[in-house]
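Just follow the structure's listing: the first ligand is 1, and inside any ligand the first atom is 1. A quick note: this is a predicted structure, and the numbers were derived from the prediction, not measured.
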Amino acid sequence: MTEERKMYDIIILGGGPAGYTAALYAARAGLEALVLERLSAGGQMALSHQIDNYPGFEEGIDGFTLADKMKRQAERFGARSRSTEVQAVSLSESPKRIVTDSGEYFAKTVVIATGANPRKLGLPAEEMLLGRGVGYCASCDGMFYRGKTVAVVGGGNTAASDAMLLSRVAKKVYLVHRRDSLRATRVYHEPLEKAENVELCWNCEVTEILHESRVTGLRLRDVRTGDTREISCDGLFISIGRQPVTEFLAGQLPLSPEGYILAGEDTRTAIPGVFAAGDVRQKALRQVVTAVADGAAAVTAAEEFLAGGL
Ligand code: NAP
């Protein structure tokens, strides 16, 4: 019997805070648990330089270290992990089958904790300039732009709160939005309009990121007139929402219009024995603290399922 033929009580897809909390709870409950993670532990959290809103770390903690601690805590109770990419799943079967780039895995229950990635603009230089002026998390990297000029793209709550946060650090902030008003809640509108160092660029899209080895500016196009202009900036934060990692589900579970898995606070999905935890679940607040809560709820529900309940 190869390792892949083994039957796990619970397989957890994704090694972020939801995934490793599920692994911790499962291992402590005596379940045979395996985490399948793509690269290394932490998911989006691992990209945060400083996490100050996760209780228990009075000085804050960087996301990579917190992820490593979560992983090692789960391993202390016997949880295991593999670095592999999930390609497809068969969730209605019994056992449930997970196809990865390193073979097939089988489990009685599955927790989907694959998270959500920042949406990209899709501009040619965007990927190459990641970490060299282009960023997706102002609360992680904003501090590098003290006294500098930055642009934020987007018109939702993330873009608005990113622009507010950066206005307290940077010399100047451009907020570039493709419409003539923000989608963000009203609470942000007045402070942004009043902030002396925030310039709102309405009806504008970014058509090019200007750069040498780092970002030097943006080319903007007025979506109504087609006119273009250039602005100089040292950084660009792309804050246009997130894309849940659910493609591999290939229609097996009902999703929200944005692609998040429909599941309530108990994390139960439409398929018995399948649970959705963390940012991949349709929910109001996506934070580390809500992700870990989901991980615990998912295993509680999985235990009930394994015991013959619903
Ligand atoms: P969002 O609400 O989906 O907004 C995305 C914004 O990016 C929209 O303004 C959209 O423009 C724009 N956009 C999307 N694709 C674009 C593209 N290719 N080029 C240019 N602009 C593009 O996403 P979010 O702001 O990340 O918020 C996600 C969820 O988290 C929301 O439910 C939000 O309320 C919540 N959240 C809440 C807070 C809070 O303080 N309570 C903070 C952050 C996030 P259009 O308007 O034209 O569609």
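The shortest contact between atom 48 (O) of ligand 1 and any protein heavy atom is with Arg183 NH2, 2.5 Å. Closest to atom 23 (O) of ligand 1, if we only count protein heavy atoms, is Gly241 CA, 3.5 Å. For atom 26 (O) of ligand 1, the closest heavy atom belonging to the protein is Thr158 OG1, 2.6 Å. Here the heavy atom of the protein found nearest to atom 20 (C) of ligand 1 is Arg178 CD, 3.8 Å.
Using modelled atom types, one finds a donor on one side chain and an acceptor on the other under 3.5 Å when comparing Tyr20 with Glu37. Judged by distance alone, the side chains of Thr109 and Asp9 never bring a donor and an acceptor atom under 3.5 Å apart. A donor and an acceptor atom, one from each side chain of Thr100 and Thr84, are located under 3.5 Å apart. Between the side chains of Asp101 and Gln87, no donor N or O sits under 3.5 Å from an acceptor N or O.
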Lys69 vs Ile61, side-chain contact (heavy atoms from CB on, under 4.5 Å): CA-CA, chis, key distance, verdict
CA-CA 11 Å; Lys69 281 179 177 291; Ile61 185 166; 4.0 Å; yes
Side chain to side chain donor-acceptor pair (under 3.5 Å) evaluation trace for Asp294 with Thr267
CA-CA 7 Å; Asp294 276 8; Thr267 76; over 6 Å; no
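Residue contacts with ligand 1, taken as heavy atom pairs separated by less than 4.0 Å, involve His177 solely via side-chain atoms from C-beta onward. Counting heavy atoms closer than 4.0 Å to ligand 1, residue Leu121 contributes side-chain atoms (C-beta onward) but none from N, CA, C or O.
Using a cutoff of 4.0 Å between basic side-chain nitrogens and carboxylate oxygens, Glu127 and Lys120 are not scored as salt-bridged.
Within a 6.0 Å radius of OH in Tyr174, more than 12 heavy atoms belonging to other residues, nucleotides or ligands are found.
For ligand 1, the polar-atom distance check finds an N/O of Gly156 within less than 3.5 Å of one of the ligand's N/O atoms. Looking at Lys120 next to ligand 1, no N or O pair under 3.5 Å apart turns up.
There is no protein heavy atom less than 4.0 angstrom from atom 30 (O) of ligand 1. In this structure, atom 43 (C) of ligand 1 has a protein heavy-atom contact shorter than 4.0 Å. By the definition of a contact as any protein heavy atom under 4.0 Å away, atom 40 (O) of ligand 1 is in contact.
Closest to atom 5 (C) of ligand 1 by heavy atom, among Leu285, Val206, Ile240, Asn157, is Ile240.
The ligand atoms of ligand 1 that sit less than 4.0 angstrom from a heavy atom of Gly155 are 6 (C), 7 (O), 8 (C), 9 (O).
For Arg242, the heavy-atom gap to ligand 1 stays at 4.0 angstrom or more. At least one heavy atom of Arg179 sits closer than 4.0 Å to an atom of ligand 1.
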